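Here's the structure, in structure tokens; my notes come after.
Only a predicted model underlies this, so the values are computations on that prediction, with no experimental measurement involved. Heavy-atom basis, side chains included; hydrogens, waters and symmetry copies ignored.
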Amino acid sequence: MTNHWRDIRHADLILINGANPAEAHPVGFRWMMRAKLERGAKMIHTDPRFTRTSAVSDHHVRIRTGTDVAFFGGLINYVLQNELYHKEYVDWATNAGHVVSADYAFTDGLFNGFNAQTSAYNTAAWAYETDGGFAKVDPANPRSVLNLMREHYKRYTPEMVERITGIPREQFLEVAKLVGETGRPDKVMTIVYAVGLTHHTTGVQLIRSAALLQLLLGNMGRPGGGMNAERGHANIQGNTDHAISWEILPGYLRIPAPGQKNLADYLAASATRKLRPNSVNFFGENYRKFMVSLLKAWYGDAATPANEFAFDYLPKPAANSSWISIFDQALRGKMEGLILSGMTATSIGPDSNQVLQALSNLKWLCVMDPFNTTSSEFWKAPGIDAASVQTEVFMLPATHWIEKDGSFTNSGRWVQWKEQVLPPEGEARHDHWLLAELFDRVKQLYAQQGGKFPDALKALTMPYRDARRPELDEIAQEINGKSLTTGKRLDTFAALLDDGTTTAGDWIYTGHYPETGNLAKRRAGIADPAKNDPTGMGFYPNWAWSWPLNRRVMYNRASADTQGRPWDPKRVGIAWDAAANKWVGDVPDYPATAAPGPTAPLPFIMTAEGTGRLFSNGVADGPFPEHYEPVESPVDNPLHPNVSTTPAAFRYDEKAGRGNRFGTAREFPYVATSYRLTEHEHYVTQNVEHLVQLQPEAFVEVPAELAREKGIVNGDHVRVSSKRGKLEVRAVVTSRLGALMIDGKKVYQIGIPIHWGFVGINTGQHWLANALTPFVGDASSRTPEFKSFLVNLEKI
Amino acid sequence: MAEITPGRAYGFFTDTSVCIGCKACEVACKQWNQLPGNEPVFGDGYDNTGTLDAQNWRHVAFIDNVPDQTAGPGAGKAWLMMSDVCKHCQQASCLEVCPTGAIIRTEFDSVYIQPDVCNGCRDCIAACPYDVIEMDKAKGVAQKCTLCYDRLQGNLEPACAKACPTDSIQFGPVDELRAAAQQRVSDLHDQGVTQARLYGQDDSVYGGLNAFFLLMDEPQAYRLPDADNAVLPSRNNAGGYLGMAGAAVLGVLASLFALRRRREPAVEPGAGDER
Amino acid sequence: MTALAEPAQHFAGSPDWTWYILFYFFCAGLSGGSYVIASLMRLRGDPADEPAARIGYHVSFLALLPCPVLLILDLGSPLRFWHMMWNTTPGDGGLNFFYWSPMSVGVWALLVFGVFATASFVHALVLDGRIRFPLVGLLDGGFGTVFAAVGALLGLFVAGYTGVLLAVSNQPVWSDTWALGGLFLVSGLSGSAALLLYLLRYRADAAASAGPLTVSERLYAVLELLLIVIFAITLMPAGTFGQAFGMPWALLWLVALAGLVPGIGGLLGSGLAVTPEGVTVPVQSVSAARSAAAAGLVLVGVLALRAAVIFSAQYP
Ligand SMILES: Nc1nc2c(c(=O)[nH]1)N[C@H]1C(S)=C(S)[C@@H](COP(=O)(O)OP(=O)(O)OC[C@H]3O[C@@H](n4cnc5c(=O)[nH]c(N)nc54)[C@H](O)[C@@H]3O)O[C@H]1N2
Ligand SMILES: Nc1nc2c(c(=O)[nH]1)N[C@H]1C(S)=C(S)[C@@H](COP(=O)(O)OP(=O)(O)OC[C@H]3O[C@@H](n4cnc5c(=O)[nH]c(N)nc54)[C@H](O)[C@@H]3O)O[C@H]1N2
Ligand code: SF4
Ligand code: SF4
Ligand code: SF4
Ligand code: SF4
Ligand code: SF4
Ligand SMILES: [Mo]
């Protein structure tokens, strides 16, 4: 989230797209209800299904899954056509006026720079015209970002939106009107999303298209505004910050790539360079400090200026190593063993039958989990001949997070320390102990037996009282980092240096555990609002700690105009206090004492441009979001039938010579999407009696109209099958899912809750939703397309 | 929240317009009251609890009126959710019929079944117009919401209200809740949500319900009797006994008529032979 | 104010009162009914009716025996039956008597009636010389008359209050009518009359009562039919007629009506002769089998009627 949960209560309009907060984030949802109850905010829920969120929304917009770019594109077009965007904001705080280089082109669904062989874009081809290394700014130029944008999105007329998404023109215009109004400085809209947008081959662009809209309307950086991603597991935000995904190091530093011989090479490829004279380009300018401090934290004395701070020790993956890629490697027989910690591969898919195959290809599989999972018992999966599985499976009983202390970082970036709730049971051990001991033993083996390149392992520091049993408190201190000169922990990343005299396990967390103590434990909350919430804006600066630098709303410089006056005096993010000569309010996302004025630093200090980016080369599949059909789609893309689906998605099976496992609308006429129910947390709650009682049996949701056609009534058993697999479960018949008219064709959508498997209390419920889902992901993030695929439906 | 003080009437204002059907209330109730719950069975997909019973003292009802075609406004109109519970009626049908005195009105003005006094006769079940009570076969006594009697005594708000993420369940002194409810319903009307209405906040049903509701449809839609149908069992005492007396009089008259003294024998000879 | 036409809204759950309760209602009806008839014979009838009266007291007592057992077994906590009489609420204990709760009143009525039924039973045995038990001498003479009269009133109550108990609820059918108390009472009487009539043949000196009992039985049958009709009519405005008389309960109602056939049939068939000497009916001597069948039919009818009422309301 650019903002945070409590902040949503400042919104005038809440646009929920690709999320179902009432069911997936019921506690966070209270803040949306508060906005409704306290300020009469309107709530729009755009979702293929009428959900428990829709039930309390002012508008439910039934959309075809995978088509939100068309929806947001339509809104962008509406806002531009009707000049509803926040001009002053757009001129100053976005790259609207930047002139794009002449070779930019978009023809019949393809941007310039596409390489048909690799089926990938050369993103460097999407650049600005520059002079003296700085981007040219000329709003009037026909190739200015804003003009190109008008051009790009003028195709997204209400009629086109209706053809693609199935949203009736009238309803779209009704919603567009509400959205357009928030271009006014005294109105704010928040956009709330989650994996309803990410789980697509166009996931990143789906989200970007919403972000573009927010920039145009001047809603970024403002209380009650922003782009708010509701994160997944209680600590998934922390996971991401600490580099759970393969392509980053902690603090979103890029993972080094092969061929990068030294830090200089690495920085050249990773750190951004200033594109405007008065842009701060904070990340780019300090990239080296953060990287060096990380290397010092990891390799200690072994990291010296002489050896480039042990840059060589870092792995430099040659191939994509995202989730699907891992199982693709196993399928190719290129993987010996796999450790799954807190992750139920078999259940979470995609294409679980193929995942099961991958697991059977392994020599060994190690599962660290408090419970048996469909992975630790994968050979028991229905249809698998256990005898034929050679994989040796190790189960390492791990403590559940409820049996540990440590911090959770919530969607609003608050790092909150929690205490252990229950003592560990049986032989269970903490993950960090399991991993530490595992590492220690491997290290000893290297010491005894030598081996290929042992230095990287030997040099790795384990600065804990007991190297086999580190305390999470010790790790938190290590993450915070310290000055090697004074030996004291630092209280801001501004103090990090690139000469090897500071450490930081994750620079964005530097300052959360200063010498004064663990700020994540702070609890100055609503017990005394007058004292704990001085601004009255609900920032509660002394409640836990929010990265970066305890800032509660990111990009908050953009919450005030060029003169430093808040766009809306009633909802102040930060404001310039001329008397005190500093910014007051939230922790400024800006140099604290930089006065407003023509030469003042530009508002978005993290980007090279110093502005929000309406046009960007940061993503793999286009500088502007464009609508592409899901890989499995019932229709050809009405915009450009020849390039119907995204050209940049990586098709694993095809590339591995296994042959694609995608179905066509002829065999599989219905669109399906998969999702969560309030009553379960993925698969783990299949072990909880009270929750199994609330949702005992696997089911799919079937549109009433279609059910009538097929003679299916509520509770009947049906077979839902895709090219990859099937479910045989009950049907819940409802009009909450309805037919859509797509490009003149009647399209039904079927709903697939994900929560069941062949372990847990109701083991009869052995069907895996992911038997149906396709083995393909987003062009940039490779996040699987869990949310749009084709199925057939039969009564049994 | 302010001190929970004996002698004051406490209850719930359940605002169904903000209920999101998450069932946290159901689970919190089971957890606090250590109710194991029923065997898992598939109900209709979203409501697999079915009804209030000995194991479920809160039950979230789902009423699906979503039209086939694209729904447009949700605003709590199309898919209704309501967390049902004992109403803690001012005039409680259950309390009225209980022959053992097991059902009492507590110092918090709630209606409480004393498990150690109840003998499982089930008259209260026949009486409760809201289908709230069920007998716990294992325990052999009638069970229902206690308004978390034990928590109130410990100055804690009820578990269900505590767990409710949207404050659809609001706990407090009944007079304060009534004021809040009036405010809420007029706000909704101002926002054009005209179907919003209160149920049980005044004495039109059972002299007032300490656990009352904001509804988005007719009470019947939620299986709640409207004001005219909210009647007490005792209404039938007079009629029942009178009818019985009338029949008794007729019956006795008939007997007297049949049993007049007479000259005998009326039985024809030989009747006895068969014996 | 909803129009009368609008059906009553019933959402109450069923108390699951089933077999124990059904047979309790049945036995209470017979016990109360027999006591009433016996007492009226003694108070009003011919000396020749005394033997029959004694049969009545026997039946009343024997039919009463299962009642407490059935009631106790039906409880969720049988060992706590006594909680009906004694309130065990800590700090607020004491006698339980709630005049507005038929169940509470009924328990007491049953208890007191039990004393009367037992005493009259013992007294009857003594008079027959089967046992000797000086105390019951009290029941000869004036006091005995009063005793029988009061016992008869209690008998009427015990036979009928179960109908009121059902009505004092919020169940469909039950709570929609005021006729159940009366209906149960008269069907209790007609059942008892039929049973006694049959039992007469096991006591030579009681034959004299055959006539009057036959008459009573026939009159009760008419009354019962009348109350069934009233019951049905009272359900109409509430909209629960269908629930009470629809399938499968219609079958039970057929059996119940069949139970009226001997009475009403007899009435229509031969009628009664009211002479200055009294009311008489030509009593053909019928075979044991036939009179047993007749009595059986009536009793099954009495049972079916209660079953139809109890089950139709709870399991629509
Ligand atoms: N109860 C519960 N809560 C959870 C979890 C859980 O398992 N159970 N899991 C947690 C985790 S890990 C995560 S990631 C979050 C996920 O939180 P959410 O993203 O809210 O959860 P989902 O149900 O997967 O998807 C949300 C909605 O996206 C809709 N949708 C599908 N395709 C599209 C589309 O193309 N466009 C639009 N606009 N909507 C679409 C679905 O119908 C669904 O209603 O939930 C977290 N919270
Ligand atoms: N079709 C479809 N598939 C999906 C999704 C979808 O929407 N549709 N959603 C996707 C998303 S967003 C996600 S996040 C994944 C979720 O996928 P998972 O995260 O794999 O799902 P969980 O069941 O939460 O698995 C967490 C496991 O961690 C264990 N665990 C809990 N605490 C600890 C701990 O402290 N240590 C260790 N070692 N283990 C612990 C639990 O017992 C459980 O087995 O599913 C993905 N799969
Ligand atoms: S379970 Fe935890 S994470 Fe999920 S909604 Fe409730 S509080 Fe939030
Ligand atoms: S709702 Fe039913 S159980 Fe609760 S007090 Fe009223 S009558 Fe009694
Ligand atoms: S079941 Fe218990 S609480 Fe209910 S009426 Fe009988 S004794 Fe009273
Ligand atoms: S008040 Fe207590 S007992 Fe009643 S429903 Fe809520 S949690 Fe359950
Ligand atoms: S907890 Fe609150 S929101 Fe959730 S179902 Fe219960 S009442 Fe509704
Ligand atoms: Mo997730």
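- Contact tally against chain B (heavy-atom pairs below 4.5 Å) for C/L79, C/L189, C/T89: the top residue is C/T89.
- Of the listed residues C/I37, C/L71, C/N87, the one with more heavy-atom pairs under 4.5 angstrom with chain B than any other is C/N87.
- The candidate with the highest count of non-hydrogen atom pairs below 4.5 Å against chain B, out of C/V36, C/L227, C/D16, is C/D16.
- With rounding to the nearest 0.5 Å, the separation of CG in B/N236 from CG in C/L180 is 9.5 Å.
- Residue B/S93 touches chain C through its side chain alone, counting heavy-atom pairs closer than 4.5 Å.
- Looking only at distances, no side-chain donor or acceptor of C/S101 sits under 3.5 Å from a matching main-chain atom of B/C98.
- Here CG of C/L165 is found 5.5 Å from CG of B/D123. Values are rounded to the nearest 0.5 Å.
- Expressed to the nearest 0.5 Å, how far SG of B/C128 lies from CZ of C/F11 amounts to 12.0 Å.
- Note: B/L250 leads B/T51, B/L242, B/L52, B/L250 in heavy-atom pairs under 4.5 Å with chain C.
- Between B/P233 and C/W100 the shortest side-chain heavy-atom distance does not fall below 4.5 Å.
- Closest of all the heavy-atom pairs between C/Y161 and B/M244 is N-SD, 3.6 Å.
- Top candidate by heavy-atom pairs under 4.5 Å with chain C, chosen from B/A227, B/G239, B/A230, B/C121, is B/C121.
- Rounding to the nearest 0.5 Å gives a distance of 10.0 Å between CD1 of B/I125 and CD of C/Q314.
- Heavy-atom neighbours of C/Y20 OH from other residues, nucleotides or ligands within 6.0 Å: at or below the threshold of 12.
- With a 4.5 Å cut-off on non-hydrogen atoms, C/L75 touches chain B through its backbone and its side chain both.
- Annotation: maximal heavy-atom pairing with chain B below 4.5 Å, among C/G106, C/S14, C/A12, occurs at C/A12.
- Among all heavy-atom pairs drawn from C/T88 and B/D116, the shortest one is OG1-O, 4.1 Å.
- Contacts of B/Q114 with chain C are made by side-chain atoms alone, with heavy-atom separations under 4.5 Å and no backbone atom involved.
- Between chain B and the residues C/G181, C/G182, C/S169, the most heavy-atom pairs under 4.5 angstrom are made by C/S169.
- Note: B/A126 leads B/A126, B/A127, B/A254, B/G243 in heavy-atom pairs under 4.5 Å with chain C.
- Of the two parts of B/V231, the backbone and the side chain both hold a non-hydrogen atom closer than 4.5 Å to a non-hydrogen atom of chain C.
- Atoms CG and CD, from B/N229 and C/Q9 in turn, are 4.0 Å apart once rounded to the nearest 0.5 Å.
- Put simply, the side chain of C/M103 does not reach to within 4.5 Å of the side chain of B/V97, judged on heavy atoms.
- Across all their heavy atoms, B/P99 and C/F98 have their closest contact at O-CE1, 3.3 Å.
- Side-chain contact between B/I104 and C/D92 is absent, with no heavy atoms from C-beta onward closer than 4.5 Å.
- Using a 4.5 Å cut-off between heavy atoms, C/L156 touches chain B through backbone and side chain atoms alike.
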For this session: Test C/S175 against B/R235 for side chain to side chain contact (heavy atoms under 4.5 Å, CB included), laying out the working first.
Result: CA-CA 9 Å; C/S175 64; B/R235 74 187 182 281; 3.3 Å; yes
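- Looking at C/V105, the atoms closer than 4.5 Å to chain B (heavy atoms on both sides) all sit in the side chain, from C-beta outward.
- Proximity to chain B is absent for every atom of C/A179, based on heavy atoms less than 4.5 angstrom apart.
- The two residues C/V186 and B/A247 have their closest heavy-atom pair at CG1-CB, 4.1 Å.
- For C/F97, no part lies under 4.5 angstrom from a heavy atom of chain B.
- In this structure, CD1 in C/I72 is found 10.0 Å from CG in B/N119, a value given to the nearest 0.5 Å.
- Heavy-atom minimum distance, C/P102 versus B/N237: CG-OD1, 3.6 Å.
- The shortest distance between side-chain heavy atoms of B/R122 and C/D74 falls below 4.5 Å.
- In this structure, chain B has no heavy atom under 4.5 Å from any part of C/W82.
- Interface residue B/L224: only backbone heavy atoms are found under 4.5 Å from chain C.
- Contacts of B/C94 with chain C are absent, with no heavy-atom separation under 4.5 Å from either backbone or side chain.
- Taking the side chain as every heavy atom from C-beta outward, C/R80 and B/V141 approach each other to under 4.5 Å.
- Within the 4.5 angstrom heavy-atom criterion, atoms from both the backbone and the side chain of C/V168 approach chain B.
- Nearest approach of C/L185 to B/A248, heavy atoms of both residues: CD1-CB, 3.9 Å.
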